[in-house]
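For reference, the structure discussed in these notes is given below.
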Amino acid sequence: MNGRTILRVVFPKPQQHSHWFLCFSTSASYNIGTCIATLQSYAHNTNLSKGKEIHSYLLKNAFFASPPAITSLISMYSKCTHMDYALKVFNFPTHLDKNVFAYNAIIAGFVANGLSQHGFALYRQMRHLGILPDKFTFPCVIRACGDAVENFEVKKIHGLLFKLGLEFDVFVGSALVNTYLKFAMLVEAHEVFEELPVRDVVLWNSMVTGYAQIGKFEEALRVFRRMGENGLVPSRYTATGVLSIFSVIRDFDNGCAVHGFVTKMGYDSSTVVSNALIDMYGKCKCVSDALSVFDIMNEKDIFSWNSIIAVHEHCGDHYGTLRIFDRMLGNGVQPDLVTVTAVLPACTHLAALMHGREIHGYMVVNGFGKEESNSDFDYVLLNNALMDMYAKCGNMRDARMLFDNTREKDVASWNIMITGYGMHGYGDEALDMFSRMCKAHMTPNEISFVGLLSACSHAGMVKEGLEFLSEMESKYGVSPSIEHYTCVIDMLCRAGQLMEAYDLVQIMPFKADPVGWRSLLAACRLHKDTDLAEIAARKVIELEPGHCGNYVLMSNVYGVVGRYEEVSEVRHTMKQQNVKKRPGCSWIELMNGVHVFITGDRNHPQTDFIYAGLNSLTAVLQEDGYVPSI
DNA sequence: GTAGGGTTAG
């Protein structure tokens, strides 16, 4: 990288604690120093039950008044994510003289456990009591400001740092850079960075990832290059940071270069680095590269599984998504909310209602997906994925039940219902949903109108559809896009109003897209209008010369009016252009899986039985006077 | 005795 040789850096392994620490016995006697060292080891290994044993040992042996022991206990409980116990120790009535160590430990605990508000409240409390914060307090408190969106507090703290002479501490400086960048206060972040006398890798990383997180990728990469020029060796954190950038900007070549670098450095043994690689390859649509990183990973965590699932879904490999999900369950890995939200769209796309239902059932049995046990954000997302699955699989009843039973809804929830009703021909219900949405003071967006207009199209509600098109900008503030016009063209075509559709194509503010022209072409075939069909066909073939459906539609138009010479002409052009008609394909989901059928395909083990069924259906149709069209 | 940086879904 950068043409320079980078020395291999060997990272120290996490400190190995000797065996006797882990054999702490409540019947033996230990001094306070041993207890603290043991607590640290349990904090490191997040061994809560052993930590609790030391806690009771300290209480029994009257060591509890020792401030260092209290600090270590708070830290141990914090690392084990038990802030309730940590707070109990902190507030224990016998030690009234809370010192800066205890405050630092409890504040750090709250901030690390995502409870920054609590952490910040305790900082205020210590200030109120006149306890002077030190260089250990500030990194946590500054981070808390970032989490709690308190940008004015950062400025105040920054001022205090000068008074206390802590402005040159690199730990504090890193926290300041992080928080300033989070608030996009670029000038302040740069000032801190430039004025620090010692700049370590963590500080540089804070700049790189800080810029990346606010979407300033160019800046982030510029800092990254400068970091190399200053002779710093990127750490695994740096690698993860730049990988996430190449993932967002879909830069495969540089992503691969980082892959080479992390392999050379031995960083690829890190689960987090591998997860970032999987994500990068996935975003660049390289499923096989992502999969090969995933397959050789020694320790896969929930992020690894969720990422590889997302990769398959992102690349449109819905079967792949379900396959990996199955593999995940087979490996005994518990899916989480993210997993389920990623897998449900695969069921939706495959119209695999049974799979979707199974996942829904799994969620209910395992207690996740409950409104009260998730953040509103996660909950709405998951519920929307479920509703979308039911709606697109044609089960509007269950979609509606979910919709009616949830308190939290966003604009997507309403759109899913409008689109779902519209898709299945329930025009009145779609329109009703839309008016309820407006009554609930939810502002419709462009997707709402795509759903609404396609609902009008499928239900033949031409008058209503045209009204929505003309009102959507003036009344709802959503300016019509090409997609909206395409819906209306389709609506007019389906209603047989070919000339109105063609007029709209000519006066609308966009050039019609292939979908619009194809709607017109299909309608011409139905209504035997060869003149308009020729115009539409010429346009659509010009826009999409390789799309077989366009030629087939055109030849069908000629076929319907008996112009067989032109039919063979179109077929000839298809051959010349080397356009091949893809065989028709349909599938149906039954109890044990999805059954796929291709035109003329007799590979299904129950072919004879199926065709017998089809023949009797055809007989019933013919009895009712149905004549198949060409 | 206490402190800083990273990854996933939509």
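As the structure is a computational prediction, the values presented were derived from the model and not from experiment. Below, chain A is the first sequence line, B the second, and so on; all start at residue 1.
Every residue two or more places apart in sequence or in another chain that forms a side-chain hydrogen bond (donor to acceptor under 3.5 Å, both in side chains) with N445(A) is listed here: N415(A), S448(A). Evaluation of the side-chain hydrogen bond (donor to acceptor under 3.5 Å, both in side chains) rule for R124(A) yields E153(A) as partners, not counting sequence neighbours. Scanning for side-chain hydrogen bond (donor to acceptor under 3.5 Å, both in side chains) contacts around E218(A) gives an empty result, with sequence neighbours left out. Remark: Y237(A) engages no residue in a ring pair (Phe, Tyr, Trp, His ring centres under 6.0 Å) (not counting sequence neighbours). Annotation: side-chain hydrogen bond (donor to acceptor under 3.5 Å, both in side chains) contacts of S413(A) (sequence neighbours excluded): N384(A), D410(A).
For D134(A), taking side-chain heavy atoms from C-beta onward, the closest of the listed nucleotides dG1(B), dT8(B), dT2(B) is dT2(B). You'll find that the side chain of N104(A) is closest to dT2(B), out of dG4(B), dT8(B), dT2(B).
In terms of polar N and O atoms assigned as donor or acceptor, the side chain of S72(A) never comes within less than 3.5 Å of the base of dG1(B) in a complementary pairing. For a distance-only test at 3.5 Å, the side chain of N178(A) fails to qualify as a donor-acceptor partner of the base of dG4(B). Looking at S235(A), its side chain comes within 3.5 Å of the base of dG5(B) through a donor and an acceptor atom.
When atom types are taken as modelled, the side chain of S78(A) and the backbone of I74(A) share a donor-acceptor pair closer than 3.5 angstrom.
Contact annotation: R143(A) side-chain N/O to dA3(B) OP1/OP2 distance is not under 4.0 Å. For the pair K79(A) and dA3(B), the criterion of a side-chain N or O lying under 4.0 Å from OP1 or OP2 is met.
For the ring pair (Phe, Tyr, Trp, His ring centres under 6.0 Å) condition, the pairs that include at least one residue of residues 165-186 of chain A, sequence neighbours left out, are H158(A)-Y180(A).
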Under 3.5 Å donor-acceptor pairs involving side-chain atoms of residues 295-303 of chain A, not counting sequence neighbours:
residue: D295(A); atom: OD1; partner: R327(A); partner atom: NH1; Å: 3.4
residue: D295(A); atom: OD1; partner: R327(A); partner atom: NH2; Å: 2.8
residue: K300(A); atom: NZ; partner: M297(A); partner atom: O; Å: 3.4
residue: D301(A); atom: OD1; partner: N275(A); partner atom: ND2; Å: 3.1
residue: D301(A); atom: OD1; partner: F303(A); partner atom: N; Å: 3.1
residue: D301(A); atom: OD1; partner: S304(A); partner atom: N; Å: 2.9
residue: D301(A); atom: OD1; partner: S304(A); partner atom: OG; Å: 2.8

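Taking a 4.0 Å limit (strictly below) on heavy-atom distances, residues 278-301 of chain A reaches DNA chain B at D279(A), K283(A). Residues from residues 206-221 of chain A with heavy atoms under 4.0 angstrom of DNA chain B, sorted by number: T209(A), Q213(A).
Between the side-chain ring of F303(A) and the base of dT7(B), no stacking contact exists by the 5.5 Å and 30° definition.
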